[in-house]
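Working notes, structure below.
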Amino acid sequence: MTLARLVDILPASAWADHVAGLLADRLAARPNLVVCLPTGSTPRPVYEALPGILQARSVSAAAATVVLLDEYVGLAAGHRARCDSMLRRGLLDRLDPSVARFIPFDMDDMSPQEACTQVDAAVSAAGGLDLVVLGLGRNGHIGMNEPGSAPDAPTRPVELTPSTRAAAIGYGVDPPPTHGVTLGVAGIVSTREIWLLATGAAKTGILARVLDGPVTTNVPATLLRGHPGLRVMVDDAARPNGPVR
Ligand code: PGA
């Protein structure tokens with residue numbers, strides 16, 4: 001991977017506006033964009049910035065479809081730590097008008113496996129994903145595709161690793177869920193465009209492995225390498241070579 005060509009490195013103060021601005025560009029070019037979005041702390045400032053940027057540019061998300069990247073198993077509807085709740089609160093409820101369609105994992109009325117099948121069917125019915133946005137887990141996971149996930153892993157229920165469970169505690173659920181459901185590696189890499197986001201010094205080590213280490217299922221984000229639509233967007237705190245000078 002050529003770092004300079006595929007990686008956008010921004011000062012921390014400009015990173016969120018950069019990513020949100022590119023999302024606004026995609027929505028302007030393709031109003032009925034089908035985009036898969038993550039939750040977690042990394043995209044939060046992007047979602048904070050997006051409504052204002054859309055408004056300033058007179059771009060609407062009203063025809064877009066948003067697909068949820070992953071979800072915890074076993075949390076009650078409306079639980080604050082549920083990924084669907086976080087994405088609604090952090091972004092969808094703040095868009096005016098909001099998106100045409102939101103495709104979450106509905107495990108209130110069906111099993112985790114059935115919810116995965118339903119998400120895949122809904123994505124297909126929407127015409128497939130145009131863009132997947134991903135945070136980078138400290139263990140290199142993408143969505144809840146934990147280390148060991150195969151390149152052809154489908155949308156499926158998964159067991160969460162200790163570090164992913166620990167992160168869930170930070171979102172307000174203790175004891176944390178043991179399982180989740182996630183868009184698979186196969187669904188991610190079959191998408192035209194993939195944005196991998198990483199911010200903060202805590203991601204420097206794993207980002208270096210993702211960019212320059214061996215491609216391995218032990219670091220699932222390395223499975224994105226070589227994808228023609230991959231774009232890595234990091235702030236200068238996360239960049240492996242230290243702050244931009
Ligand atoms: P974070 O999580 O954005 O909260 O760091 C990323 C991830 O684990 O996917």
Side-chain angles (χ1 to χ4, degrees), residues 8 10 12 15-16 18-20 23 35-50 66-73 75 79-91 104-105 131-149 153 155-174 176-185 187-189 191 194-211 217-224 230-240:
D8 297 357
L10 283 300
W15 178 85
H18 174 75
V19 181
L23 258 179
V35 56
C36 182
L37 294 179
T39 52
S41 54
T42 305
R44 204 174 287 152
V46 175
Y47 299 157
E48 274 164 24
L50 187 62
V66 168
V67 180
L68 187 60
L69 176 63
D70 52 18
E71 183 60 276
Y72 298 114
V73 170
L75 301 188
H79 194 297
R80 279 186 67 76
R82 253 172 61 156
C83 300
D84 60 354
S85 300
M86 286 198 275
L87 194 60
R88 282 197 175 94
R89 210 166 53 238
L91 178 65
F105 291 87
L131 167 66
V132 177
V133 182
L134 302 166
L136 175 62
R138 286 187 193 207
N139 63 2
H141 73 197
I142 42 176
M144 290 177 184
N145 292 283
E146 301 282 28
S149 296
T155 306
R156 69 201 187 287
V158 292
E159 185 172 352
L160 303 179
T161 59
S163 76
T164 303
R165 298 186 70 207
I169 295 175
Y171 303 137
V173 49
D174 194 7
T178 56
H179 290 76
V181 287
T182 185
L183 187 72
V185 180
I188 293 170
V189 299
T191 302
I194 303 170
W195 296 355
L196 181 65
L197 312 182
T199 54
K203 298 290 169 69
T204 305
I206 189 63
L207 187 62
R209 292 178 68 188
V210 169
L211 296 175
T217 57
N218 292 334
V219 183
T222 63
L223 302 175
L224 307 175
L230 176 64
R231 188 162 180 173
V232 183
M233 302 184 205
V234 308
D235 72 358
D236 55 9
R239 107 186 266 213

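Note that ligands are numbered from 1 as they come in the structure, with each ligand's atoms numbered from 1 the same way.
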* Which ligand 1 atoms, with their elements, are less than 4.0 angstrom from a heavy-atom of Gly40? -> 3 (O), 4 (O)
* Asked: When you measure from atom 3 (O) of ligand 1 to every protein heavy atom, which one gives the shortest distance, and what is it?
  -> Thr42 OG1, 2.5 Å
* Asked: Quick one: are Ile188 and Ile194 in side-chain contact, heavy atoms under 4.5 Å?
  -> yes
* To do: Return a yes/no value for Thr39: is any of its N or O atoms, backbone included, closer than 3.5 angstrom to an N or O of ligand 1?
  => no
* With a 4.5 Å heavy-atom cut-off, do Asp8 and Trp15 have their side chains touching? -> no
* Structure fact -> shortest atom 4 (O) of ligand 1-to-protein heavy-atom contact is with Tyr171 OH, 2.7 Å
* side-chain contact (heavy atoms from CB on, under 4.5 Å) between Thr199 and Val234: does it pass, once the steps are laid out? -> CA-CA 6 Å; Thr199 54; Val234 308; over 6 Å; no
* Can a non-hydrogen atom of Lys203 be found less than 4.0 Å from any atom of ligand 1? -> yes
* Identity and distance of the protein heavy atom lying nearest atom 8 (O) of ligand 1 -> His141 NE2, 2.6 Å
* Asked: Does Leu136 have a non-hydrogen atom less than 4.0 Å from ligand 1?
  -> yes
* With distance as the sole test, does Arg231 use its side chain to make a donor-acceptor pair with the main-chain N or O of Trp195 at under 3.5 Å? -> no
* To do: Using distance alone, with no hydrogens and no angle criterion, decide if Arg209 and Asn218 have a side-chain donor and acceptor under 3.5 Å apart.
  => no
* To do: Would you sort out whether Thr39 and Tyr171 count as a side-chain contact (heavy atoms from CB on, under 4.5 Å), showing the intermediate values?
  => CA-CA 10 Å; Thr39 52; Tyr171 303 137; over 6 Å; no
